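Computed from heavy atoms alone, side chains included, the values below leave out hydrogens, waters and symmetry copies. As the structure is a prediction and not an experimental result, all values here were calculated from the model.
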Amino acid sequence: MKKQSENEPEILRCETFPCRPEDEFPFDAPLLELLKAENPFEQEYYLIQKGKRRARVIVYRMKLNIFTYGRWDLALTTSVIGFPCSLSEQGFVGDQKLVLEFAKTLKGPVLILNVKEKIAHKDFVLGETLPTCMFQNRFATPEEYLKALRSSYRRRIRQAVVKCSSLTVRQIEDDSIDVYPLYLNTYRKSAYKLERLQKGFFDRIDAVKLVFLKGDRPIGFVLLKIQKEQLIFMLCGMDYSEDTTDLYYYMLFHIIKYAIRHHCRIIDFGQTSEETKLKFGATTEKRYFYAHHSNRFINLLVMHAKSLLEYHYAFPEYRVFKTESKQRGKLCCSRGTMENTDHKTVYGNEK
């Protein structure tokens with residue numbers, strides 16, 4: 001237990017994440033134990049306490065290009081407070097202000113990823129990172145979903161279905177099909193690389209894989225997890241020697257079909273390839289990051305470099321469903337101004 005003064009929090013480093021019985025995916029012990037074994041970056045777990053306030057935090061360290069969303073390239077070994085898998089989840093549970101106090105005790109550059117609540121702090125840069133894409137499912141059948149779409153969006157999905165009609169889709173929950181090479185293909189194409197998971201993660205994860213086969217050869221997969229009434233699109237991979245534009249559309253449509261079949265009210269489609277997901281009827285939900293450096297002079301520079309650290313995006317406001325009101329504006333934008341083009345292929349270990 002570390003406590004420097006009465007005004008500072010108590011910091012307890014734990015051997016495993018301090019789970020509680022009420023914790024749910026993704027902060028459940030089996031997944032975190034698997035990630036500790038199959039994520040190459042050493043993870044540290046902390047319990048932070050200050051009076052009645054509590055926070056539980058995951059920290060891992062990796063060499064990271066701090067200008068990932070900009071034009072520069074500067075890789076620094078960084079302490080990341082984040083979930084050690086490519087989910088749009090933040091890497092802590094509990095009091096966010098307490099997490100910020102804890103982050104100031106870490107040496108060197110610190111990055112807190114995928115924060116859901118925007119709370120300003122004088123010692124941190126606070127900016128936008130990749131938004132996540134959320135789909136509200138109100139459909140009883142895939143046919144009802146397709147009928148609800150405007151004709152151009154429905155036609156594009158049907159085109160992908162026709163192009164991929166020769167594929168076989170298999171649902172598995174084991175390691176009977178090796179999807180790891182497909183994951184590596186997509187990871188290597190990533191514009192926003194973070195951690196690279198090991199093969200054992202895919203072999204042992206308690207989740208569903210939909211595998212897309214051309215003959216006996218897997219050419220794509222999606223990894224899915226149901227949490228109560230929400231379906232989480234965790235990861236995917238593809239064979240880029242194939243027509244991945246139609247394949248990716250086909251994969252996303254199968255995710256929607258799976259959600260409908262299992263009565264999921266929400267699909268968390270995850271981050272990246274936002275425009276394609278918006279064309280299926282998803283909407284964006286903002287995520288934030290904090291950046292800090294323990295050196296006061298460097299931190300001052302960081303505080304003035306927000307525009308270089310932040311993810312800038314401007315997505316067209318698609319009217320996907322027939323029942324949607326008239327378009328109110330040409331663009332639904334973040335604070336930034338950089339145009340984000342539609343991904344012809346899915347990028348990275350992100351989705």
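Comment: Lys214 does not engage Asp239 in a salt bridge, judged by the lack of any side-chain N to carboxylate O separation of less than 4.0 angstrom. Under the 4.0 Å criterion applied to side-chain N and carboxylate O atoms, Arg217 and Glu242 are assigned as salt-bridge partners. Under 4.0 Å is where a charged nitrogen must lie from a carboxylate oxygen, and between Lys286 and Glu128 at least one such pair does.
Among pairs with a residue in residues 83-95, those fulfilling salt bridge (charged side-chain N to carboxylate O under 4.0 Å, His left out) read Arg53-Asp95, Glu89-Lys116, at least two apart in sequence or across chains. Sequence neighbours left out, the pairs with a member in residues 86-113 that pass ring-ring contact (aromatic ring centres under 6.0 Å, His included) are Tyr46-Phe102. Listed by first then second residue, pairs satisfying ring-ring contact (aromatic ring centres under 6.0 Å, His included) with a partner in residues 140-176 read Phe135-Tyr145, Phe139-Tyr145, not counting sequence neighbours.
Taking the six-membered ring for Trp, His254 and Tyr258 have ring centres at least 6.0 Å apart.
No donor-acceptor contact under 3.5 angstrom links the side chains of Arg287 and Thr129, judged on distance only.
With a 4.5 Å cut-off between side-chain heavy atoms of Ile, Leu, Val, Met, Phe, Trp and Tyr, the cluster of Leu300 takes in none. When hydrophobic residues (I, L, V, M, F, W, Y) are linked wherever their side-chain heavy atoms come within less than 4.5 Å, the members clustered with Met134 are Ile266.
Residues passing the side chain to side chain contact (heavy atoms under 4.5 Å, CB included) test with Glu15, sequence neighbours excluded: none. Residues passing the ring-ring contact (aromatic ring centres under 6.0 Å, His included) test with His292 are Phe124, sequence neighbours excluded. Not a single ring-ring contact (aromatic ring centres under 6.0 Å, His included) links Phe201 to another residue, sequence neighbours left out. By the ring-ring contact (aromatic ring centres under 6.0 Å, His included) test, Tyr288 is found to be paired with no residue, residues two or more places apart in sequence or in another chain being considered. Considering only residues two or more places apart in sequence or on other chains, Tyr60 meets the ring-ring contact (aromatic ring centres under 6.0 Å, His included) condition with none of them.
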Report, one line per pair, each donor and acceptor closer than 3.5 Å where one atom sits in a side chain of residues 25-38; sequence neighbours left out.
unit_1: Lys36; atom_1: NZ; unit_2: Gln43; atom_2: O; d: 3.0
unit_1: Glu38; atom_1: OE2; unit_2: Arg204; atom_2: NH1; d: 3.3

Taking only distance into account, with no hydrogens and no angle test, what donor-acceptor pairs under 3.5 Å do side-chain atoms of residues 169-180 form with protein atoms, sequence neighbours excluded?
unit_1: Asp174; atom_1: OD1; unit_2: Ser176; atom_2: N; d: 3.0
unit_1: Asp174; atom_1: OD1; unit_2: Ser176; atom_2: OG; d: 2.6
unit_1: Asp178; atom_1: OD1; unit_2: Tyr180; atom_2: N; d: 3.1
unit_1: Tyr180; atom_1: OH; unit_2: Leu197; atom_2: O; d: 2.7

